[in-house]
Amino acid sequence: MSSENGESEVTTDRTPYADVGEQDVIQFTGTEPFWGGSAQGASLTYATPERPDGETIAVRRFAGNNGLGLSGTLSGQAFDLVITPAECSDGMSDRTYPFVVTLKIGDQIRNGCAWTDAKPFEGSQSP
């Protein structure tokens, strides 16, 4: 961005991301391998086909400038889930989700999509 005299302007907006509040339930899902879960407040449940009931962990929330991070420990490994507002497809259904998710468990990185009640996915309720 440039000012009237052609000099660059520095953006100083440090407003934390607020589109997903602590009271909102965040649902997330990913494929290859299949995984998913939900988070609300300081609690997150992560599930896989091998553990359909999931494992619940405590997480710390960090609202950055353009997204939300949830960090904790899952089965002794660092667990970091980053939620960013952007259109997302799971690649397997006709759904369009309002959030992109990047998940890192230990050294493994996975990609997926997320939604909340306030910002639901569009498409079939049963993919």
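Just so you know, these numbers come straight off a predicted model, no measurement behind them.
Between Phe121 and Arg95 there is a side-chain heavy-atom pair separated by less than 4.5 Å. Contact check for Glu55 versus Phe79: no side-chain heavy atoms found under the 4.5 Å cut-off. Side-chain contact between Thr102 and Ile109: present, with at least one pair of heavy atoms (C-beta onward) separated by less than 4.5 Å. Residues Arg110 and Trp35 are in side-chain contact: their nearest non-hydrogen atoms beyond the backbone lie under 4.5 Å apart.
Counting only residues at least two apart or on different chains, the disulfide bond (SG atoms under 2.5 Å apart) pairs with a member in residues 61-122 are Cys88-Cys113.
Side chain of Thr73 to backbone of Gly76: no donor-acceptor contact under 3.5 angstrom is found. No side-chain donor-acceptor contact under 3.5 Å links Thr31 to the backbone of Phe34.
One distance of note links CG of Asp90 with OG1 of Thr29; it measures 6.5 Å at 0.5 Å rounding. Of the inter-residue distances, the one linking Arg60 atom CZ with Ser71 atom OG reads 5.5 Å to the nearest 0.5 angstrom.
Within a 6.0 Å radius of CD in Gln77, other residues, nucleotides and ligands contribute more than 12 heavy atoms. In Glu87, the CD atom is not crowded: 12 or fewer heavy atoms of neighbouring residues, nucleotides or ligands sit closer than 6.0 Å.
Under the 4.5 Å side-chain heavy-atom criterion for Ile, Leu, Val, Met, Phe, Trp and Tyr, Leu74 and Leu44 are members of the same hydrophobic cluster. There is a path of hydrophobic side-chain contacts, each under 4.5 Å, that joins Ile105 to Ile83.
When all heavy atoms of Val59 and Ser43 are compared, the closest pair comes out as CG2-N, 4.0 Å. Tyr17 approaches Asn66 most closely through the heavy-atom pair CD1-C, 4.2 Å. The minimum heavy-atom distance linking Asp117 with Pro120 is given by the pair O-CD, 3.6 Å. Contact record, Asp19 with Asp24: O-OD2, 4.0 Å, taken as the closest heavy-atom pair. The two residues Gln23 and Gln40 have their closest heavy-atom pair at O-NE2, 2.6 Å. Nearest heavy-atom pair across Ala114 and Pro98 is O-CD, 3.3 Å.
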Side chain to side chain donor-acceptor pair (under 3.5 Å) evaluation trace for Thr45 with Thr56: CA-CA 4 Å; Thr45 301; Thr56 301; 2.8 Å; yes
Derivation and outcome, side chain to side chain contact (heavy atoms under 4.5 Å, CB included), residues Phe99 and Val20: CA-CA 10 Å; Phe99 300 102; Val20 179; 3.7 Å; yes
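Of the options Leu68, Ile26, Leu70, a side-chain contact (heavy atoms from CB on, under 4.5 Å) to Leu81 is made by Leu70 and by none of the others.
Aromatic ring pairs are classed by plane angle as parallel below 30°, tilted from 30° to 60° and perpendicular above 60°; the pair Tyr97 and Trp115 is tilted.
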